Amino acid sequence: MQSPKTLLEGREAAMSSRYNHREVEPKWRAKWDAAGIDRALTPDAAKGKKKAYILEMFPYPSGRIHVGHSRNYAMGDVIARFRRANGYNVLHPMGWDAFGLPAENAAMERGIHPKGWTYDNIAAMREQLKLLGLAIDWSRELATCDVAYYKHQQALFLAFWRKDLVYRKKQKVNWDPVDNIVLANEQVVDGKGWRSGAPVETRELEQWMFRVTAYADDLLQAIGGLERWPDKVRLMQSNWIGKSQGAKIWWPLSKTPDELPKTADASGRSHARDPIEVSTTRPDTLFGASFLALAPDHPLTKTIAQFRPDVAAFIADCARLGTSEADIEKAEKTGVDLGVRVKHPFDESWELPVYAANFVLSSYGSGAIFGSPAGDQRDLDFANKYKLPFKPVVLPPGEDAATYAVTDEAFTDDGVIYNSGFLDGLSTRDAIVRAIDELVKLGAGEATTQWRLRDWGVSRQRYWGCPIPAIHCAKCGVVPVPEKDLPVALPDDVTFDRDHPGNPLDRHPTWKHTTCPQCNSEATRETDTLDTFVDSSWYFARFTDPNNEAQPFDKALASYWLPVDQYVGGVEHAVLHLLYARFFTRAMRDCGYLDLPSGEPFKSLFTQGMVVHEVLRLAVPVGNAGSGETVVSLPDGASIRLPVGVLYEAHNTHQLASIPSGRTILRFDSDAGAAGTIVDLSYLEPAEVDRAKADNPGGVIFSCPIEKMSKSKKNVVDLDAFVTDFGADVARWFVLSDSPPERDVEWTASGVKGAWGFVQRVWTLVDTHANAAAGMDFGGGLPEGADQGEPLALLQLAHRAVDSVTSDIEHFRFNVAVARCYELVNAIAKLKGDDAGAHYARQQALTILTQLISPFMPHLAEECWEHLGYAGFVATARWPVADPALAARNTVTLPIQVNGKKRAEIGAPAGAPEAAVRELALQHAAVKAFLEGVTVRKVIVVPDRIVNIVAN
RNA sequence: GCGAGCGUGGCGAAACUGGUAGACGCAGCGGACUUAAAAUCCGUUCGCCGCAAGGCGGUGCGGGUUCAAGUCCCGCCGCUCGCACCA
């Protein structure tokens, strides 16, 4: 007798062929794991195979994985699985970029230790990530906050130091005078510390630097060889390095304030006597000079500030802008006359004023410029503001020298020089050369190569980072920690709270006290830690030998695997992370760690778009709330009325500009009647909408469709819940299907539904076929009936799909590959009939489909593979190759144009001779009608593409 | 401010080196099956004119090159990313 339970199970099995991801997905993950198919082979074991190192930028363990993260990994995984199926020895590892600010923020806000917080997050995220079924070699997992990792980083630091790639230098930092900490640029909001609200000061600290500029030329030149990088990234890197030819010009003083000290300062410079050095890339515009401008922290500015309170106040004002270049350059151009006058290098009688100006960067060139207003917008704005006279010296093409004038808009392009004495009539390019010749002859300047690239400041005054292995000794100075004393491990017993501001390492009672390795006297440890970009500048090398205790990695292993064959990550890393990694790889090579002549870590790069999701915001007017409508008053006195409880679409998030108090200025689309009022705004989760409507009768709920998923915006779709509801394959398929990979994709319920429907459809087709064809043998080749009609058409389509999907994956056109799979599924579903030919065609097409989808939806594909009667994993099965005879097209449809407009179509054999196609086209009835009464001038035949008849 | 990128139906998009604009998916509409619903299947969907055949317009906006432009060039508008201490 059957128990009720068995009965129930039996009935379910009989009536439901629905694909059950909750059983299927964990089952296959366990099988892959047990078989160890995701482990990379050692170079010896992989003899005869080519290697493929596939890497996605590793994540920061911020808490939980959401579906937005999954796109990056899904893309890398498609490539990794595709390479494996094509016979490569694949290395596809995963790790954690685990040092960083958020851990310290969590510590301050919630009293959790950064280490515990970080490792808890890693544990949670690892489990989530595993749900995705990524073909990752988990035996190589690493976290940059592991001592086992950063002790090697300290060794690398020491090696770089020996190679003179490390030095110390004074650098400006944002200083919060209340919390007594250095602020990151993102922690400076409107010139104030984000937590304390205190106006930011700038301080100069002695900082550790990496000499990136030692490789400037090579980093620039080698960009030309990065053929498999996106052009935009290569261009951004080139511009960032910014090599330019220019000049240094020494401007002799003609007048200085009496208070200026006559003696030399620490650098041996006499401000009262020595000329001012200025850097320029445009010496051709020297005759258009109007003023000199010095950085606020130029030594001369600072010296004058000692006796000029207004200058000191100006410097303090500039300090409030912080150190962010974007903030500095966006601010209104202001300056102060320093009371210094200089003589023009080409004309002794020409005297120019010297200003300190907020837009001059001390980090670039000599920290001083000459302003040539007609040719530079910043200089022009500045000259106009301070009513400084100037004249144009570059005549734009097509302009008349007699009438051309510059008032509000500078002309920055090339032209012909005029108003410029001996430079008159020269082109911009020639004038630059001529001006430099003259400067050199006069001893007033010299030609220089200038770089925008600066050395890399790696010091951070923070706890949660890799300690810098250095010791400060009163007698011996700054001394490296001996290699045998590594690691310099972070102490665990630190506290974070408001009452004890500053760097916890610095105020730790014992940690920093040590003895000098050279003279053995009392000394202190360096309390700065390394920028987290250092951690991510060599992790790709560590993955090649992640458990090596003696050294960062084995040279032979790293040299086997590197460079990374495919690197996948966000564009936001286009400049800094990639540049630093390129520097680091060269430095490691030159320190003997690596046998990699190019010094290039990433052979091929793909920058993927983000997953964005709608953001719901509740707007509650601070003022009156009506009953059926909300009246929103505008700053200009007008008002608009909005119905209550309606979901509005703001077209972009910039219409909701945040201001720090937690309130937001809400502006509406211009269609709706323009801009806003101050309201309280809060983010809503979808589940909170009904409640919010009920609780806020005067409120308006807005949907802003495009925001990167983030916890604070409440628009994250958590991965666990999603995988439970729909399965990992649906998530993977969805994030790859709707948008081109380099563009953002919007997460939508309907998109999910589409992906879900596809999974079910594939399974139903396989299941139906497998049941109908049970016991059939498909090993015998093409049976009768499969070589003609619909079965043949299906086979042809399937083989074309193989070619197309293969090429689409290779070129990162995942969304197109997905579309091809849809087409194939549609075609399979369309084929009716249950004769041998139809069964055969279906078996072949479904087999191909299963393989084509396997990099995208590995669990489903594995289940289908088994159901279709194959042994082993589809994951390790050889990638299909199209039969050329089946994939070829033997007829083509050619559009016929008359004067560029399509008038007819003809069918023609592929590769038909031009003359024949031409005749066919000209004889076509519809075409003839259009040719009546006109003369055919020309017939253009593009073989297998188009015919265009030119006639009049 | 500077540097870079992107912009195609109601929506996500496709169109590989200039060669039929809108493949494929979503949503919609019409139909089949069903007591009904869901699911599934079939058809249809850029706009305008036309009973139809067909015609005209159309890839952010304005120009240009070409037999032919979504694609190339010039100028604008909008959005996104980066700007060196977020990662």
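Owing to the predicted nature of the structure, the values given are computational and were not obtained by experimental measurement. Keep in mind that the numbers below use all heavy atoms, side chains included, and drop hydrogens, waters and symmetry copies. Every chain is numbered from 1 and lettered A, B, ... according to where its sequence line falls, protein lines coming before strand lines.
No engagement by Ser737(A) is indicated, since no non-hydrogen atom pair under 4.0 Å with the nucleic acid exists. Contacts of Arg452(A) with the nucleic acid, taken as non-hydrogen atoms under 4.0 Å apart, include base atoms. Using a 4.0 Å heavy-atom distance criterion, His811(A) is classed as making no nucleic acid contact. Residue Asn239(A) is classed as a sugar-phosphate contact, given heavy-atom separations below 4.0 Å to backbone atoms only. Val816(A) comes within contact range of the sugar-phosphate backbone alone, with a heavy-atom separation under 4.0 Å but no base atom that close. The residue Ala326(A) sits close to a base: some heavy atom pair falls under 4.0 Å. At the heavy-atom level, Leu101(A) lies under 4.0 Å from the strands shown only through sugar-phosphate atoms. Arg462(A) comes within 4.0 angstrom of a nucleotide base, judged by non-hydrogen atoms across all strands. Gln187(A) comes within 4.0 angstrom of no nucleic acid atom, judged by non-hydrogen atoms across all strands. Counting any heavy atom pair closer than 4.0 Å across all strands shown, Val745(A) reaches no nucleic acid atom. Within 4.0 Å of Arg945(A), counting heavy atoms only, lie sugar-phosphate atoms of the nucleic acid but no base atom. Phe533(A) comes within 4.0 angstrom of a nucleotide base, judged by non-hydrogen atoms across all strands. Nucleic acid contact class of Ser62(A) (heavy atoms, under 4.0 Å, all strands): none. The residue Glu104(A) sits apart from the nucleic acid: no heavy atom pair falls under 4.0 Å.
Whole-Å rounding puts the Gln760(A) CD to rC26(B) P distance at 14 Å. Atom CG of Asp535(A) is separated from atom C1' of rC86(B) by 14 Å (rounded to the nearest Å). Summarising the geometry, the separation between CG on Leu530(A) and P on rA84(B) is reported as 19 Å, rounded to the nearest angstrom. Distance Ile946(A) CD1 to rU66(B) P: 19 Å, rounded to the nearest Å. Atoms CD1 (Ile906(A)) and P (rU20(B)) sit 15 Å apart, rounded to a whole Å. The interatomic distance linking Phe930(A) (CZ) with rC56(B) (P) rounds to 6 Å, in whole Å. In this structure, CD of Gln897(A) is placed 6 Å from C1' of rA68(B), rounded to the nearest angstrom. Atom CG in Leu736(A) sits roughly 14 Å away from atom P in rA13(B) (whole-Å rounding).
Rounded to whole Å, the separation between the C1' atoms of rC74(B) and rC67(B) comes to 23 Å. Look at the C1' atom in both rC56(B) and rC41(B): the space between them is 37 Å, to the nearest Å. Between the P atoms of rC16(B) and rU66(B), the separation comes to 23 Å (whole Å). Rounded to whole Å, the C1' atom of rA27(B) lies 8 Å from the corresponding atom of rG10(B). Separation of the P atoms belonging to rU17(B) and rC73(B) is 14 Å when rounded to the nearest angstrom. Between rC6(B) and rG25(B), the two C1' atoms lie 22 Å apart (nearest whole Å). Straight-line distance between the C1' atoms of rG63(B) and rA69(B): roughly 14 Å, to the nearest whole Å. For the P atom pair drawn from rG31(B) and rA38(B), the interatomic distance equals 14 Å after rounding to whole Å.
At rG12(B), none of the side-chain N or O atoms of Ser739(A) fall inside 4.0 Å of OP1 or OP2 (strictly under the cut-off). Residue Lys753(A) places at least one side-chain N or O closer than 4.0 Å to OP1 or OP2 of rA27(B). Dashed line: the shortest gap from a side-chain N or O of Lys901(A) to OP1 or OP2 of rG57(B) is under 4.0 Å. Between Asn185(A) and rA84(B) there is a side-chain polar atom (N or O) within less than 4.0 angstrom of OP1 or OP2. Taking only side-chain nitrogens and oxygens, Ser324(A) never comes nearer than 4.0 Å to OP1 or OP2 of rC83(B). Remark: Arg761(A) is in phosphate contact with rC41(B), judged by side-chain N or O atoms under 4.0 Å from OP1 or OP2. Using a 4.0 Å cut-off, no side-chain N or O of Arg813(A) falls inside it from OP1 or OP2 of rA14(B). Remark: Arg460(A) is in phosphate contact with rC85(B), judged by side-chain N or O atoms under 4.0 Å from OP1 or OP2. Between rG25(B) and Asn826(A), a contact under 4.0 Å exists linking OP1 or OP2 to a side-chain N or O. Phosphate proximity of rA68(B) to Arg903(A): absent, as no side-chain N or O sits under 4.0 Å from OP1 or OP2.
In this structure, Phe533(A) and His573(A) have perpendicular ring planes: the angle between them is above 60°, well past the 30° mark. Using bins of under 30°, 30° to 60° and over 60° for the plane-to-plane angle, the ring pair Phe583(A)/Tyr215(A) lands in the perpendicular bin. Using cut-offs of 30° and 60° on the angle between ring planes, the pair Phe856(A) and Trp733(A) is perpendicular.
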Step by step, work out the side-chain hydrogen bond (donor to acceptor under 3.5 Å, both in side chains) result for Asn815(A) and Asp738(A). CA-CA 6 Å; Asn815(A) 55 326; Asp738(A) 260 14; over 6 Å; no
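Base-pair partner of rA38(B): not found among the strands shown (Watson-Crick or G-U wobble, both distances under 3.5 Å). The pairing partner recorded for rU59(B) is none, the criterion being a Watson-Crick or G-U wobble arrangement whose two distances lie under 3.5 angstrom. Under the Watson-Crick or G-U wobble criterion, with both distances below 3.5 Å, rU66(B) has no partner in any strand shown. rC86(B): no Watson-Crick or G-U partner with both key distances under 3.5 Å is found in any strand. Pairing of rG3(B), defined by two Watson-Crick or G-U wobble distances under 3.5 Å, is identified with rC81(B).
The backbone N or O of Arg813(A) lies less than 3.5 Å from no partner atom in the side chain of His811(A), so there is not a single donor-acceptor pair. Formation of a donor-acceptor pair under 3.5 Å by the Arg203(A) side chain with backbone atoms of Val173(A) is not found in this model.
No donor-acceptor contact under 3.5 Å links the side chain of Glu325(A) to the base of rC2(B).
Set against rA84(B), rC67(B), rA13(B), the side chain of Leu576(A) has rA84(B) as its closest nucleotide. In the set rA87(B), rA14(B), rG1(B), the nucleotide with an atom closest to the side chain of Pro740(A) is rA14(B). Picking from rG19(B), rG82(B), rU20(B) the nucleotide with the shortest atom distance to the side chain of Glu905(A) gives rU20(B). For Arg743(A), taking side-chain heavy atoms from C-beta onward, the closest of the listed nucleotides rC86(B), rA14(B), rC67(B) is rA14(B).
In summary, the aromatic rings of Trp96(A) and Phe58(A) are positioned with their centroids too far apart to meet the 6.0 Å limit.
When only modelled atom types and interatomic distance are considered, Asn105(A) and Glu109(A) share no side-chain donor-acceptor pair under 3.5 Å.
The glycosidic torsion of rG9(B) lies within 90° of 0, placing the base in the syn range.
Atom CZ of Arg945(A) sits in a sparse spot, with 12 or fewer heavy atoms from other residues, nucleotides or ligands closer than 6.0 Å.
A salt bridge does not link Asp528(A) with Arg460(A): every distance from a Lys NZ or Arg NE/NH1/NH2 to an Asp or Glu carboxylate oxygen is 4.0 Å or more.
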